[in-house]
Amino acid sequence: MDDTTAVALPTAGLRGHETRDREDDLTATDASSARSQSSPSDRFERPIILLSNREPYEHVVNSETGAVTVRHPYGGLVTALDPALKATHGVWVAWGSGSGDRAAADASGRVAVPPPPDDPMYTLRRVWLDEADVEGYYLGFANSVLWPICHLLIHHLRFRDEDWARYQAVNIRFATAALEEATRIHATTGREPIAWIQDYHLALVADSLRAARPELFIHQFLHVPCPPPEIFRLLPFGVCQALLRGLLGNDLLAFHTERYAVNFVDCAAQLLPGAVGDRGALAVRYGGRTTALGVYPISIDVDRFEAFAAAPEAAARASELRQRYAWGDRQLGVSVDRIDYTKGILERLSALEVLWSSAPELRDRFTMLIVTAPSRTELRPYRVLEQDIEARVAALNARFGTATWTPIVVLSEAIPATELAAIYRAADLCLVSSLQDGMNLVAKEFVACQLDERGVLVLSRFTGAAEEIEGAVLINPFNVDGVAAAIRSALAMPVAERSARMHEMRRRLRQATVFDWLDGVTARVASMAGAPSVGVPGAG
Ligand code: GDG
């Protein structure tokens, strides 16, 4: 989970303004719903030590005034996990990436959060990375090796020994910080904490924690897809094995879909000597222990998005957008992504080109609003993609546009989530064309904000969301003609069918929010954490 927006504390209200500056915060906004303050975290009777690459609170110094503000990246993940940490008074271990982070923390990198004027409720333990660490661990191995491998887009793979060395060193640093916190918590409370690791940046941490503290219950959630062995084995053999061993340090390793979990079983069974996989039970036995695999599709704070879309300002903004782009029988499409090659943005533009050339009657009748957020711009493929998108949009607008109609409208400045909700509400169609996507939260946000139930979700088959959501028009983004045909049929879909599909999608989404996700994960942890993992005779 990576991306961009920020909120200056104290926490803003519903219309809180956000400024974009970096990856993880893209789902950012402001106050979380009342529901997030309660329930699932109550299941954690033991304190949690959560580890993630990005931190939940970042101190930033204004270079001109010297004033320090605190940014709270309310992504779906932070919104869900911050209350769990608050309830158990746990510790969140993360990269201290803000310019004011060191000054705000003590000598060990600890700072109590949330910061004043709120009451501090848990400890943020910052891990310090220098420029070479960021280059090798984050931009290098995590985002130029694991990210493309997990998304099967291997032509973007760029493996370098020095990045791998940095990745290992930084993972050990995270593990060391977590172990210090576990020792401290145990000494002060007499309770053994639970470690919860987030995502692919920290694939080696569980193994290190396990070696140093065998009694610790460790689980990890992977937000990205898990590739099949044919792809995973493109990594150097020793690297493959180290990553698998690292992840098998977990008691519970969780994914968005069963397909990813099965892929992991296959990778371990085929590529790690001594590992025994069980596809049926979703478990891997290795080194005398069993790692259970879980399937927990992540979701969004549905109430929060609905409330944004229902706000009078959002209703006014939505009707303004419709008057501008969707008056009469005209229709408005929307897409929202970080600029990332996994999102299939160029393929989407190709499909739109086919659409407007093969169906000239749709010119001036269908406008596409594309919300794009710059991402990982330190990496060349991301900069090149940004330029390519700009050039393609300009060419398409020049080819099909008229004095009164612009086919593709791009919004690339910071968009607050409140504005995003209004855009989702106004749209007749949402186009998600990811080439691969662990889940894709945009699809769920669109459904949550469709209060008028008029829109059609056109969704890539290769998202985790497509395996969960029923009622979308599914597409294969590699088949550009097929995508164009799907858009055409979505635009022609009768109102009654659209509304029936959207109504059902909304009903189901309300039963599977991010808090249900957290509830599912915590229930499983609670049921397992009492029982240490079982030794399996004969497993290597
Ligand atoms: C990773 C996995 C998995 C985008 N532009 C703006 C904005 N966004 C928000 C969207 C959405 C989020 O960014 C993107 O979430 P996705 O799930 O679509 O994709 P990733 O960033 O790649 O997330 C993914 C996720 O982790 C969770 O596990 O679903 O598969 O790749 O929330 O709304 N938000 C605002 N302004 C923008 O301009 N406010």
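We count ligands from 1, going down the list as the structure has it; atoms in each ligand are counted the same way. Note that the coordinates shown come from a computational prediction; the quantities given were computed from them, not determined experimentally.
Contacts with ligand 1 closer than 4.0 Å are made by side-chain heavy atoms of Leu420 only, the backbone lying farther away. Contacts between Val336 and ligand 1, counted as non-hydrogen atom pairs separated by less than 4.0 Å, involve the side chain only. Contact annotation for Ile298 and ligand 1: only side-chain heavy atoms (C-beta onward) come within less than 4.0 Å of the ligand.
A salt bridge is defined here as a Lys NZ or Arg NE, NH1 or NH2 lying under 4.0 Å from an Asp or Glu carboxylate O, and Arg317 with Glu313 fails to meet this definition. Look at Arg501 and Glu453 and you find no salt bridge, because none of the NZ, NE, NH1 or NH2 atoms lies under 4.0 Å from a carboxylate O.
In this structure, Val224 falls outside the shell of residues with a heavy atom less than 4.0 angstrom from ligand 1. For the pair Glu419 and ligand 1, no heavy-atom separation below 4.0 Å is found. Ligand 1 is approached by Trp147 to a heavy-atom distance shorter than 4.0 Å.
The side-chain hydrogen bond (donor to acceptor under 3.5 Å, both in side chains) search around Arg348 returns Ser335, Asp337, Ser433, not counting sequence neighbours. Taking Gln198 as the reference, His223 meet the side-chain hydrogen bond (donor to acceptor under 3.5 Å, both in side chains) condition, with sequence neighbours excluded.
Between Ala373 and ligand 1, not a single N/O pair is under 3.5 Å apart. For ligand 1, the polar-atom distance check finds no N/O of Glu413 at less than 3.5 Å from any of the ligand's N/O atoms. An N or O contact shorter than 3.5 Å links Met439 to ligand 1 by distance. Considering both main-chain and side-chain atoms, Asp437 comes within under 3.5 Å of ligand 1 through a nitrogen or oxygen pair.
Checked by atom type and distance alone, the side chain of Ser434 never pairs as donor or acceptor with a backbone atom of Gln436 at under 3.5 Å.
Ring geometry for Phe217 versus His219: interplanar angle of 30 to 60°, hence tilted.
The distance from ligand 1 to the heavy atoms of Glu445 drops below 4.0 Å at these ligand atoms: 10 (C), 11 (C), 32 (O), 33 (O).
Looking at Asp82 and Tyr57, their side chains do bring a donor and an acceptor atom within 3.5 Å of each other.
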